[in-house]
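Here the structure is laid out as structure tokens; the discussion comes afterwards.
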Amino acid sequence: MAELYLNKNPHENANHLTPKKETIAFLLSYSKALHVATHESIAFETIIN
Amino acid sequence: MGKLNTTADAVLVSRYINGCEASLATLIDRYQQRIYNFIFSKVLDRDLTEDIFQDTFIKVIRNLKHRKYNEEGKFLPWVMRIAHNLIIDHFRQSNRMPKFDGKGDFNIFSVLEDEHLNAEKQMVKSQIENDVRKLIDELPEDQREVLLMRIYKDMSFKEIANKTDVSINTALGRMRYALINLRKVIDKNNIVLTN
């Protein structure tokens, strides 16, 4: 029973969470790779490696 | 990068749209914790938070590159709104999808329900409909007439008013009293009309 009270609340540190580095790296890579070209008001997306 | 850290959001957004990828890194770095914690506070699951966070910024990137963003000076509220919408989408989807939590015995029939009524339910339904019909017969003539036209003949109140030669308000009033009286009879006789 004591453990129930002594264990830290799993959401206690909820305000200090940050995304994984891999997620951020993916987003930045995705952004670099994504190109949007418009032709006569139509937008075309391309992912360039 | 140090200089970028103090630059206003609107300037960073504008630079990013014009090709400065470092501006996006600064914006993400500036708000990642607030957005991530906002998502986590709603879904309470790290993996799901990670997914929604990623989807949020994919939308942000696509919108910015498509030059669809036009709320200068409101970058964070805009991103928060995208995250909020994705959280709502997630809960809508998870409500539609049957869950298997891996605890206890899994019963396939708990997720595979035949929406059609079985023989027993059909009998109960038809019995209830008969009971309701008998109760309607107990109503005063003018109320019964309106209720039958509205419920059984699916007529609009305008049509009912024309047919019975009264105003729409009178027809509405009669329908209201018909329902009140039906409830009274049901309560008074302790009739159960549930399937």
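Just so we're on the same page: letters track the sequence lines, and every chain starts at 1.
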Verify same cluster id: [X], [Y] (apolar side-chain graph, 4.5 Å):
| X | Y | answer |
| --- | --- | --- |
| B:I82 | B:L76 | yes |
| B:L172 | B:V166 | no |
| B:V146 | B:L179 | yes |
| B:L148 | B:I168 | yes |
| B:M80 | B:V43 | yes |

Ordered numerically, the heavy-atom neighbours of chain A under 4.5 Å found in residues 57-65 of chain B are B:F57, B:I58, B:I61, B:R62, B:K65

If I measure from the heavy atoms of chain A, does B:Y16 come under 4.5 Å with its side chain, its backbone, both, or neither? side chain

More than 12 non-hydrogen atoms from neighbouring residues, nucleotides or ligands closer than 6.0 Å to NE2 on B:H90, yes or no? yes

Passes side chain to side chain contact (heavy atoms under 4.5 Å, CB included), A:E22 versus B:E50? Steps please. CA-CA 10 Å; A:E22 293 88 337; B:E50 208 72 36; over 6 Å; no

For the pair B:D29 and A:I24, evaluate side chain to side chain contact (heavy atoms under 4.5 Å, CB included) and give the outcome as yes or no after the intermediate values. CA-CA 9 Å; B:D29 187 53; A:I24 303 295; over 6 Å; no

With side chain to side chain donor-acceptor pair (under 3.5 Å) as the criterion, how do B:Q32 and A:T18 come out once you've worked through the C-alpha distance, each side chain's angles and the decisive distance to 0.1 Å? CA-CA 7 Å; B:Q32 58 172 324; A:T18 47; 5.6 Å; no

Who pairs with B:D165 by side chain to side chain contact (heavy atoms under 4.5 Å, CB included), at least two apart in sequence or on another chain? none

If we ignore angles and hydrogens, is there a donor and acceptor under 3.5 Å between the side chains of A:T23 and B:Q54? no

Would you please name every residue forming a salt bridge (charged side-chain N to carboxylate O under 4.0 Å, His left out) with B:E141, sequence neighbours left out? B:R144

If you round to the nearest 0.5 Å, how far is OH of B:Y36 from NZ of A:K20? 7.0 Å

Side chain to side chain contact (heavy atoms under 4.5 Å, CB included) for B:R46 and A:L17? Distances and angles first, verdict last. CA-CA 9 Å; B:R46 284 296 296 266; A:L17 300 172; 3.1 Å; yes

List, by chain and then residue number, the residues other than B:V11 in its hydrophobic cluster (Ile/Leu/Val/Met/Phe/Trp/Tyr, side-chain heavy atoms under 4.5 Å); write none if there are no others. none

